[in-house]
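Note sheet for the following structure.
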Amino acid sequence: MTKIQTCNPATGETLATYDLMSEQEAFGKIEHAQSAFLDWREKSHEERAEYLRQIAKVLRGNSDRISQLMTREMGKLLRDGATEVELCAGIFEYTAENGPAELADQEREYSGGEKRGIVSFAPIGIIYSVQPWNFPLYQPARVLAANLMAGNAVILKHASICTGSGLLLRDLCLEAGLPAGLFDVVLVGHDLSDKIIEHKLIRAVTMTGSDGAGSHIGELAAKNLKKTVLELGSNDAYLVLADADIELAVKTCVQGRLYNNGETCVSAKRFVVVDAVYDAFVSAFVDQMKATKMGDPNDEDTQLGPVSSKEQFDTLVEQVGKSVDGGATLLCGGDPEEGREGFYYPATVLADCKPGTPAYDDELFGPVASVIRAKDDEDAMRIANDSRYGLGGGIFSKDEDKAIKLARDHFDTGMVRINSFGAADPNMPFGGVKDSGYGREHGGFGMKEFVNTKAIFLP
């Protein structure tokens with residue numbers, strides 16, 4: 001493969017064709033980034049913050065342009081694209097506002113208080129950022145904001161299907177005044193990407209994607225003694241307990257399953273419902289999923305657009321088929337229109353999902369909900385944790401104290417939502433455990449993932 005071709009998943013039309021870079025071209029960008037880093041690291045946190053604020057301003061000023069491109073490249077609802085742009089602008093502003101304090105030198109005492117020390121957070125160099133297609137702006141922006149504030153440079157390898165979005169982000173950063181080379185994009189295949197990880201000037205790697213890809217990148221980086229942050233897939237469980245507000249639970253779970261056309265790592269995927277409210281929840285849930293309006297992602301009244309690609313569409317078809325063959329009951333959906341233009345998969349509900357099938361064990365990255373019956377609250381928590389993943393999850397209960405205790409003491413995930421759904425917030429840590437990866441972004445934590453925490457001992 002020598003070229004990348006992007007495609008509109010709503011129509012199947014080709015959008016653009018890009019030449020893949022040679023090793024010399026890609027390595028040249030790394031060397032340029034190193035030169036830019038050497039100047040950037042000399043700036044104060046407050047000086048860096050001004051660049052981040054300007055990037056936020058430019059992103060907001062180009063919201064329509066960015067949103068339209070994301071919709072064309074991966075099928076995101078146009079209004080969700082505008083929300084994503086605003087989230088990214090907020091992340092740059094949050095980082096600009098809070099970064100100087102988060103990364104400020106800390107004075108400490110040692111030798112029983114007789115001596116003084118300083119802890120500083122020094123930048124380390126170029127961070128290699130490997131990002132997926134489902135949030136074409138947000139995924140690279142959250143890495144970029146944190147690392148620019150920390151004083152690092154960033155090289156982005158974006159998912160091929162949203163190549164245009166990655167290049168547009170770079171161009172808008174340059175428009176905002178960011179020094180050339182400090183953030184750049186490489187258009188490379190997997191083999192050259194591996195060589196980039198091994199390059200002596202790459203100091204760390206951050207990646208969002210599948211657990212299989214994360215395992216490969218983590219192994220290669222570790223072999224080269226480079227730190228990684230991995231945010232991988234998940235099959236987040238949302239628990240509907242006996243004392244749940246069923247109307248709220250149904251409305252929120254439908255939103256959580258269909259948000260971003262069902263293509264979100266931290267979204268509601270498995271719905272673990274206790275026996276006492278199972279029938280009431282499932283009946284209302286299926287009714288609302290059936291009523292979902294699927295159509296053109298540019299239309300304001302569309303609730304569900306296409307999945308991102310034919311590959312993603314075919315994967316869903318296979319996963320649903322295997323789950324039904326393994327004993328799951330199809331309650332709605334699961335019947336994409338033959339011959340329809342674009343890659344549209346309907347809102348689908350599978351019940352009676354069994355261990356050993358994709359609907360129970362794996363991540364269904366699309367508008368397919370897996371419903372699992374539990375005997376009681378304890379059984380629901382057991383089922384939720386019966387997963388190799390551990391990114392997020394949710395609990396619906398009118399007893400907030402009980403829900404907090406379950407979330408804090410028993411839910412084996414990095415994030416838990418109580419009586420709500422949402423994807424990310426700049427002031428709360430984001431990341432998971434188990435096969436969902438390690439490391440944290442947002443909430444100030446991401447700014448310290450790739451720094452040299454340096455101890456300076458004074459007499």
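Starting from 1, each residue takes its place in the sequence as its number.
For the pair Ile126 and Arg203, the minimum side-chain heavy-atom distance is 4.5 Å or more.
Between the side chain of Arg257 and the main chain of Ser267, no donor-acceptor pair closer than 3.5 Å is present. Distance alone, capped at 3.5 Å, places no donor-acceptor pair between the Arg108 side chain and the Val119 backbone. At distances below 3.5 Å, not a single donor-acceptor pair connects side-chain atoms of Ser63 with backbone N or O atoms of Arg60. Side-chain atoms of Asn261 do not come within 3.5 Å of backbone N or O of Glu263 as any donor-acceptor pair. Between the side chain of Thr413 and the backbone N or O of Met415, at least one donor-acceptor pair lies under 3.5 Å.
Cation-pi check for Arg142 over Phe430 is met; the charged atom lies under 6.0 angstrom from the ring centroid and within 45 degrees of its normal. At least one cation-pi condition fails for Arg48 and Tyr51: the charged atom is not both under 6.0 angstrom from the six-membered ring centre and inside a 45 degree cone around its axis.
Between Ala359 and Ser323 the shortest heavy-atom distance is N-OG, 3.0 Å.
Ser397 and Asp399 share no side-chain donor-acceptor pair at under 3.5 Å. Donor-acceptor pairing under 3.5 Å is lacking for the side chains of Tyr238 and Thr252. In this model, a donor atom of one side chain and an acceptor atom of the other lie less than 3.5 Å apart for Ser129 and Gln131.
Ring-centre distance between Trp133 and Phe365: below the 6.0 Å cut-off.
A distance of 9.0 Å separates NZ of Lys76 from CG of Leu137, quoted to the nearest 0.5 Å.
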